[in-house]
Amino acid sequence: MNRYSKALMGTYGQPQRVLARGEGCYVWDDEGNRYLDLLAGIAVNALGHANPALVQAVSSQLTTLGHTSNFFTTELSVKLAEEVLRISGAPAGSKVFFCNSGAEAVEAAIKVTRRTGRQRIVALEGAFHGRTMGALALTHKQAYREPFEPLTPGVTHVPFGDVGALAAAVDNTVAAVFIEPIQGEGGVRPLPPGYLAAARRITRDAGALLVLDEIQTGIGRTGTWLAHQRPEIGSEDPDDVPPDLVTLAKGLGGGLPIGAVVAFGEHVAGLLGAGQHGTTFGGNPVSSAAGLATIGEIDCTGLLQHVRELGEQWAADLAAVDHPRLGGVRGLGLLLAIQLTQPVAADVAKAALDAGFIVNAVAPDAVRLAPPLVLSKEQADTFTLALPGLLDTATKAAEEK
Ligand SMILES: *Cc1c(COP(=O)(O)O)cnc(C)c1O
């Protein structure tokens, strides 16, 4: 820890533990303590740690061909693009751009929207779209933005979940509306039912693009490939809410860095032309192999159904825990937040870590759960059983401050 603070910038504060290895849903620290990982590197390790199929795909690719530059392509990169289009349910003429992270996917999407000839972008209060200068302009949190102003101009934030406010803000000068189907960093806040369908109508009427940021919610996290494919979030009729662009990252590589922008339909896919965007590592063979292995494993082990069933059961079990600090459970699939009746989430996360569970205080009064999609019911139950004790410990710790 001492060496960490001497060698690394203080952007993340002091790390909580030094982790040494992982297997399945567990990680171990450098002192040999085991933790049930209910955060999965923030919704990244979809298949858990050291998944044999992922390890095999990545290592054998690295021994074959590790990097090419984008003067060339590989079979893997094309195949992953085809798979991403398939799981997105994208219509004919749709195309993918690969990059290396969530923020890069958002940056690429912003550049696509500029090619409409319009410059204004509407995002939601509470939104998180990344930390690079363009993405940061869409991110709402003042503490993240203020030290770096001026940011990319032309961004308006509208109140979360308010259809009227969105309709009022979107006219024919707006290039795009960016929306997370469930706000992740904003506290695991699902949009009210019908909001996305309304946003689709409003953007279509104004000739603006609808961009869904599924970086946290995509790749099976909510029990469908993309969260907007769930009727609770999108629409009963999957054809009702076809977005124009979707950004992906986090879970896509199962732990290796890769991001993607999916452009739905020819009219969007053609907006960025030759020479108008690029990145050295985007879609490299190793990350593409990881993406293919991740999608392949989710498919062949039936993980989408598992996530739907376990997510629903776990949310109900957690909500049924009887404790005065517990205010409810929100979210969908395996992206959940435990709502607390007092701002003691940081104390709960600390008590959980000391008891062998990795969770995250996503808001002062909310604890986020975003475990590997392979989490078992038995593993989930160990946390549910421990929760009352963790809430007691956290309450005591908060009172002693
Ligand atoms: C994490 C996240 C990002 C940023 O991704 P990075 O890989 O950290 O740059 C953007 N949007 C959403 C919704 C996210 O959850």
Side-chain angles (χ1 to χ4, degrees), residues 1 4 10-19 25-27 29 33 35-45 102 125-131 139-145 160 180 182-190 215-217 221-222 250 311 314-315 317-319 321 323-372 375 379-380 382-401:
M1 289 297 183
Y4 176 95
T11 50
Y12 306 111
Q14 189 72 1
Q16 295 167 314
R17 294 286 194 277
V18 178
L19 296 183
C25 294
Y26 294 100
V27 293
D29 67 18
N33 300 306
Y35 305 87
L36 182 62
D37 184 1
L38 299 177
L39 193 58
I42 313 190
V44 167
N45 302 105
E125 290 179 3
F128 182 86
H129 296 291
R131 304 281 208 131
T139 292
H140 183 242
K141 198 170 176 173
Q142 276 311 306
Y144 293 171
R145 302 166 56 90
F160 176 85
E180 298 158 86
I182 298 172
Q183 285 191 342
E185 299 310 300
V188 188
R189 294 202 293 169
I215 288 166
Q216 187 154 161
T217 54
R221 177 57 47 194
T222 71
K250 292 199 165 88
W314 199 22
D317 291 347
L318 288 167
V321 169
H323 195 284
R325 289 288 89 76
L326 191 74
V329 175
R330 60 176 182 258
L332 205 55
L334 289 180
L335 181 58
L336 300 172
I338 300 169
Q339 174 73 47
L340 306 171
T341 54
Q342 283 179 6
V344 294
D347 301 289
V348 174
K350 188 182 178 305
L353 194 63
D354 291 341
F357 301 99
I358 296 179
V359 299
N360 161 251
V362 71
D365 62 353
V367 173
R368 171 170 50 182
L369 304 170
L375 186 78
Q379 288 167 332
T382 61
F383 178 75
T384 311
L385 279 174
L387 185 57
L390 300 177
L391 294 170
D392 285 339
T393 308
T395 306
K396 238 180 258 143
E399 280 165 4
E400 279 163 15
K401 271 184 218 161

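Worth knowing before you read on, the calculation uses all heavy atoms, side chains too, and leaves out hydrogens, waters and symmetry mates.
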Which atom of Lys250 lies closest to which atom of Gln216, heavy atoms considered: NZ-NE2, 3.8 Å
Closest heavy-atom pair and its distance - Ala40, Pro371: CB-C, 3.7 Å
Identify all side-chain donor-acceptor contacts of residues 343-363 below 3.5 Å with residues at least two apart in sequence or on another chain.
from: Asp347; atom 1: OD1; to: Lys401; atom 2: NZ; distance (Å): 2.8
from: Asp347; atom 1: OD2; to: Lys401; atom 2: NZ; distance (Å): 3.3
from: Lys350; atom 1: NZ; to: Asp354; atom 2: OD2; distance (Å): 2.9
from: Asp354; atom 1: OD1; to: Arg17; atom 2: NH2; distance (Å): 3.1
from: Asn360; atom 1: OD1; to: Arg368; atom 2: NE; distance (Å): 3.0
from: Asn360; atom 1: OD1; to: Arg368; atom 2: NH2; distance (Å): 2.9

Under a 4.5 Å cut-off applied to non-hydrogen side-chain atoms, are His129 and Glu180 in contact? yes
Side chains of Leu390 and Phe383: does their closest heavy-atom pair fall under 4.5 Å? yes
After noting the C-alpha distance and the side-chain angles of Leu336 and Val188, does the key distance pass the side chain to side chain contact (heavy atoms under 4.5 Å, CB included) rule? CA-CA 7 Å; Leu336 300 172; Val188 188; 5.6 Å; no
Side chains of Ile182 and Pro190: does their closest heavy-atom pair fall under 4.5 Å? yes
Under 3.5 Å, is there a donor on one side chain and an acceptor on the other for Gln339 and Arg330? yes
Taking C-beta and beyond as the side chain, do Arg221 and Leu334 meet within less than 4.5 Å on heavy atoms? yes
Nearest 0.5 Å, please: how far is CG in Leu326 from CG in Leu318? 8.0 Å
Considering all heavy atoms of both residues, which atom of Pro388 and which atom of Thr384 are nearest to each other, and what is their separation? CD-O, 3.6 Å
Are the side chains of Leu340 and Leu391 in contact, using a 4.5 Å heavy-atom criterion? yes
Not counting sequence neighbours, which residues clear salt bridge (charged side-chain N to carboxylate O under 4.0 Å, His left out) with Asp317? List them please. Lys377
Please find the pair of heavy atoms, one from Asp37 and one from Leu39, that lie closest to each other, and give the distance. OD1-N, 3.0 Å
So NE2 of His323 and CG of Asp392: to nearest 0.5 Å the spacing works out to 3.5 Å
Does the side chain of Leu375 come within less than 4.5 Å of Leu38's, by heavy atoms? yes
Evaluate the side-chain proximity of Val18 to Asp29: yes if any heavy-atom separation is below 4.5 Å, no if none is. no
Phe160 versus Glu125, closest heavy-atom pair with distance: CB-O, 3.7 Å
Of all the heavy-atom pairs spanning Trp314 and Ala380, show the shortest one and how long it is. NE1-O, 3.3 Å
Does the side chain of Tyr26 come within less than 4.5 Å of Leu36's, by heavy atoms? yes
When rounded to the nearest 0.5 angstrom, what is the spacing between NZ in Lys141 and CZ in Phe128? 9.0 Å
Any ring pair (Phe, Tyr, Trp, His ring centres under 6.0 Å) involving residues 327-352? Give me the pairs, sequence neighbours left out, ordered by first then second residue. none
